[in-house]
Colleague: 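Sharing a structure here in structure tokens format.
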Amino acid sequence: MEKIVLFSSMDAALAARKRMARACDPEVFATTYSTPRAWLGELWEAYGDSRRIAARSERSVALFSALEAQGDALWASQGTWRLAMRLIDGGLGTVELHAALSGAASAEALPAGCEALLNCVHAYEGILLRAGLIDEGRAWRVLSEEQVLLPECEVVLQDVRPACALEEFLASQNATVREELAFSGEIARAPEGIAVRFAFPSGRYAEPALLAEFISNVPACETVGIASRNPRALYEAIAPALCSLGILVACRASIPFAATDFGRAFECAAALCSADCVDVAAAADFALNPFSRMGKRAAFDFAATIRGNRLIDKEACLALLREESRAFEYFEDLVESPEAVTIAGVFEDAARSIGAGREAYTKEQLSAIGTLRDAFGAACAMDAEQSACVAALECASVNVSRQAEAGGPRVVIMSQAQLAACEPRSFDHVVLTDMTSVAYPLKETHDIAVEILDALGIGRGPEALLRAREAFSGCVR
């Protein structure tokens, strides 16, 4: 009988596969190690229809297009996008939400004012359907409705809380389902041989120095995993000192698209082109951005000129900016149509020129340009409005993982969720930073999406305190 073990991350699945292979366990040949999404991709390729499972960028553009189609009923903002995505991730593909979307559910059972949000989700699915795409939750539903029967197998959920749609699919199969959760619900005492230490840095500048001092005293053969609220900022603070001691440091992090220089330049250009009147702050910000390709003196002169002229209008400001920055015209083309993504090579060349000698910076900007390519490609495939594409980029993130030098790092800085998803005993030492209620607030979400899920009887997972305890337990095991 085949055995399928699902993990919360592909890194954990690959680590388990390697561990079984090193142990020469014959069971490895009859076991699949994967994640729910990767396993769905394999099943959909074998049993699904002609549609393709939508990627994150495609889902984001489709949802913003659906929000804009609702007119005044819903505001197409990042907050509304997160609200609708919470409903989609929590219930799409379940029998209960399907009944609500099709109008079969009793109106009295649903909270008041939920019609607009349900209409948005229905429009979102329609946009994906016309583009030949399907949401992950709906894909599980289709596999269940098509009565796809897998060979008899055992499915092990290793530290995974399955989505409701996945649970319904597994219930329709001739499979033995077993959950293996490492967290029992309470924080256990540290095992024998594990030393626990507490550090209380007296200020934000004391923390990197204290952390670097601790790591420098760790034996050379041992590794350190660090969980941080802002991994990239911590990496930049301690990496130079550690590298000078010959300690290799790596960082696994992502930042908002607009936090990169390229992303900020694009958003400034979008704000300038879409505003009804002149946006002096956006114009000055663009001029001072490296991607404007303006000299520092020229950029400050331009900013002083537009700030000193209170009578300047939008067209005059844009004309002056075009005169000073040739690159602005390329950004204008990008803002006007997603088909202009063909000129992205110009920005890639600019990123390499600006970041000459700074490999990490160049990689970060190229990653941001790749994110824009994905969003624009999704917009072209769906024939979406450019405004939906720009809005989707505001919610996009860019991978900025980096490593100081080649080789196996002794220190890896990541988020708490990433560290909790690692295999147990992946590191000899674990450091948890930012352990405050400000960095990790324990607050429950209460909004119309949650009310809809509650009214339909769809589980929302553990409460905030239990999630925080589970993450902590996963980091220190």
Colleague: Just by modelled atom types, is the A464 backbone N or O under 3.5 Å from a matching donor or acceptor in the E444 side chain?
Modeller: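 Yes.
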
Colleague: Can you measure from CZ (F214) to CG (L210) and round to the nearest 0.5 angstrom?
Modeller: 9.5 Å

Colleague: Strictly distance-based, threshold 3.5 Å: is any side-chain N or O of T362 a donor or acceptor partner for the main-chain N or O of G355?
Modeller: yes

Colleague: For atom CD of E180, is the number of surrounding heavy atoms from other residues, nucleotides or ligands below 6.0 Å larger than 12?
Modeller: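 Yes, the 6.0 Å shell around CD holds more than 12 heavy atoms from other groups.
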
Colleague: Is S144 reaching over with its side chain to a backbone N or O of W140, donor-acceptor style, under 3.5 angstrom?
Modeller: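 Side chain of S144 to backbone of W140, a donor-acceptor pair under 3.5 Å: yes, one is there.
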
Colleague: With the side chain counted from C-beta on, respond yes when R373 and E348 share a heavy-atom pair under 4.5 Å apart, and no when they do not.
Modeller: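 Result yes, sub-4.5 Å side-chain heavy-atom pair found.
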
Colleague: Taking all heavy atoms of A16 and all of F7, pick out the closest pair and write down the distance.
Modeller: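 For A16 and F7, the tightest heavy-atom pair comes out as CB-CZ, 3.5 Å.
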
Colleague: Below 4.0 angstrom, N of the basic side chain to O of the carboxylate: do R82 and D447 qualify?
Modeller: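 Answer for the salt bridge query: no.
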
Colleague: Would you name the heavy atoms of A227 and L432 that are closest together and state the gap between them?
Modeller: CB-CD2, 3.7 Å

Colleague: Within the 4.5 Å heavy-atom criterion, are Q403 and C251 side-chain neighbours or not?
Modeller: no

Colleague: Are L456 and L97 packed together at the side-chain level, in the sense that at least one heavy-atom pair is separated by less than 4.5 angstrom?
Modeller: yes

Colleague: Rounded to the nearest 0.5 Å, what's the gap from CD1 on I127 to CD on E58? Could you check?
Modeller: 13.0 Å

Colleague: Taking C-beta and beyond as the side chain, do L40 and L143 meet within less than 4.5 Å on heavy atoms?
Modeller: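 Yes, their side chains come closer than 4.5 Å.
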
Colleague: Within a 6.0 Å radius of atom CD on E42, are there more than 12 heavy atoms belonging to other residues, nucleotides or ligands?
Modeller: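 Yes - once you tally the heavy atoms of other residues, nucleotides and ligands closer than 6.0 Å, there are more than 12.
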
Colleague: Can you find a heavy atom in the side chain of L101 that is under 4.5 Å from one in the side chain of L92?
Modeller: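 Yes - at least one pair of side-chain heavy atoms lies under 4.5 Å apart.
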
Colleague: Please answer whether the main-chain N or O of D89 pairs with a side-chain N or O of E136 as donor and acceptor at a distance below 3.5 Å.
Modeller: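 No.
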
Colleague: How about CZ on R358, more than 12 heavy atoms from neighbouring residues, nucleotides or ligands closer than 6.0 Å, or not?
Modeller: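 Enclosed: over 12 neighbouring heavy atoms sit under 6.0 Å from CZ of R358.
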
Colleague: With a 4.0 Å cut-off, would you call R402 and E364 a salt bridge?
Modeller: yes

Colleague: Starting at CZ of F331, measure out to CD1 of I343 and round the result to the nearest 0.5 Å.
Modeller: 9.0 Å

Colleague: Using a 3.5 Å distance criterion without hydrogens, assess whether the side chain of S401 forms a donor-acceptor pair with backbone atoms of A253.
Modeller: yes

Colleague: Taking all non-hydrogen atoms of both residues into account, name the closest pair between D261 and Y361 and its distance.
Modeller: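 Answer, listing the atom of D261 first, then Y361: OD2-OH, 2.6 Å.
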
Colleague: Charged N to carboxylate O under 4.0 angstrom, D135 versus R138?
Modeller: no

Colleague: Of the non-hydrogen atoms in L128 and A62, which two are nearest, and what is the gap between them?
Modeller: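 Scanning both residues, the minimum pair turns out to be CD2-CB, 3.7 Å.
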
Colleague: Would you confirm whether S367, through its side chain, and V398, through its main-chain N or O, come within 3.5 Å as a donor-acceptor pair?
Modeller: no

Colleague: Assess whether atom CD of E385 is packed by more than 12 heavy atoms of other residues, nucleotides or ligands within 6.0 Å.
Modeller: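 Open.
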
Colleague: For residues M382 and S65, determine if any side-chain heavy atom of one lies less than 4.5 Å from a side-chain heavy atom of the other.
Modeller: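 When only atoms from C-beta onward are counted, S65 and M382 do not touch, as no gap falls below 4.5 Å.
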
Colleague: Does the side chain to side chain contact (heavy atoms under 4.5 Å, CB included) test come out yes or no for N119 and Q70, once each step is laid out?
Modeller: CA-CA 8 Å; N119 290 338; Q70 304 309 306; 3.6 Å; yes

Colleague: Would you give the length of the straight line joining atom CG of L87 to atom CD1 of I448, rounded to the nearest 0.5 angstrom?
Modeller: 9.5 Å

Colleague: Could you tell me whether a side-chain N or O of D383 sits under 3.5 Å from a main-chain N or O of A379, the two making a donor and an acceptor?
Modeller: no

Colleague: Mark yes or no for whether E125, through its side chain, and V121, through its backbone, hold a donor-acceptor pair below 3.5 Å.
Modeller: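 Here the side-chain-to-backbone pair does not exist.
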
Colleague: Does the distance from a Lys or Arg side-chain N to an Asp or Glu carboxylate O, for R410 and E222, drop under 4.0 Å?
Modeller: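 Between E222 and R410 there is no salt bridge, as every charged N stays at least 4.0 Å from the carboxylate O atoms.
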
Colleague: Could you give me the CA-CA distance, side-chain angles and deciding distance for E168 and T94, then say whether side-chain hydrogen bond (donor to acceptor under 3.5 Å, both in side chains) is met?
Modeller: CA-CA 7 Å; E168 292 184 3; T94 61; 4.9 Å; no

Colleague: Are more than 12 heavy atoms, taken from residues, nucleotides or ligands other than E213, located less than 6.0 Å from that residue's CD atom?
Modeller: no

Colleague: For the pair V249 and V412, evaluate side chain to side chain contact (heavy atoms under 4.5 Å, CB included) and give the outcome as yes or no after the intermediate values.
Modeller: CA-CA 6 Å; V249 188; V412 182; over 6 Å; no

Colleague: With heavy-atom distances below 4.5 Å as the criterion, would you say the side chains of L248 and L242 are in contact?
Modeller: no

Colleague: At what distance, to the nearest 0.5 angstrom, does CZ of R252 lie from CD1 of I226?
Modeller: 12.0 Å

Colleague: Any side-chain heavy atom of V390 within less than 4.5 Å of one from F64?
Modeller: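 A side-chain contact under 4.5 Å is absent here.
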
Colleague: Hey, is R141 close enough to E145 for a salt bridge, meaning N to O under 4.0 Å?
Modeller: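 Salt bridge: yes.
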
Colleague: Would you check if the side chain of D434 reaches a backbone N or O of R229 as a donor-acceptor pair within less than 3.5 Å?
Modeller: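 Yes: the side chain of D434 pairs with the backbone of R229.
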
Colleague: If you round to the nearest 0.5 Å, how far is CD1 of I255 from CG of N399?
Modeller: 9.5 Å

Colleague: Looking at R51, I'd like to know if its CZ atom is crowded, meaning that more than 12 non-hydrogen atoms belonging to other residues, nucleotides or ligands lie closer than 6.0 Å.
Modeller: yes

Colleague: For K3 and V156, run side chain to side chain contact (heavy atoms under 4.5 Å, CB included): C-alpha distance rounded to whole Å, both residues' side-chain angles, the deciding distance at 0.1 Å, then the answer.
Modeller: CA-CA 8 Å; K3 183 178 181 180; V156 179; 3.7 Å; yes

Colleague: As a quick check of understanding, evaluate side chain to side chain contact (heavy atoms under 4.5 Å, CB included) for C389 and F376, giving each step before the final call.
Modeller: CA-CA 7 Å; C389 187; F376 276 37; 3.1 Å; yes

Colleague: Quick check: F266 with F347 (ring centres under 6.0 Å apart)?
Modeller: no

Colleague: Can you check whether W75's main-chain N or O pairs, donor with acceptor, with T80's side chain at less than 3.5 Å?
Modeller: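 Indeed, once roles are kept as given, a pair shorter than 3.5 Å links the two residues.
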
Colleague: Ring-plane angle category for F262 and F291, please: parallel below 30°, perpendicular beyond 60°, tilted otherwise.
Modeller: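 Correct class here is perpendicular.
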
Colleague: How close do S337 and Q386 get, counting heavy atoms only, and between which atoms?
Modeller: C-OE1, 3.8 Å

Colleague: Minimum heavy-atom separation for W81 and S60, please, with both atom names.
Modeller: NE1-OG, 3.5 Å

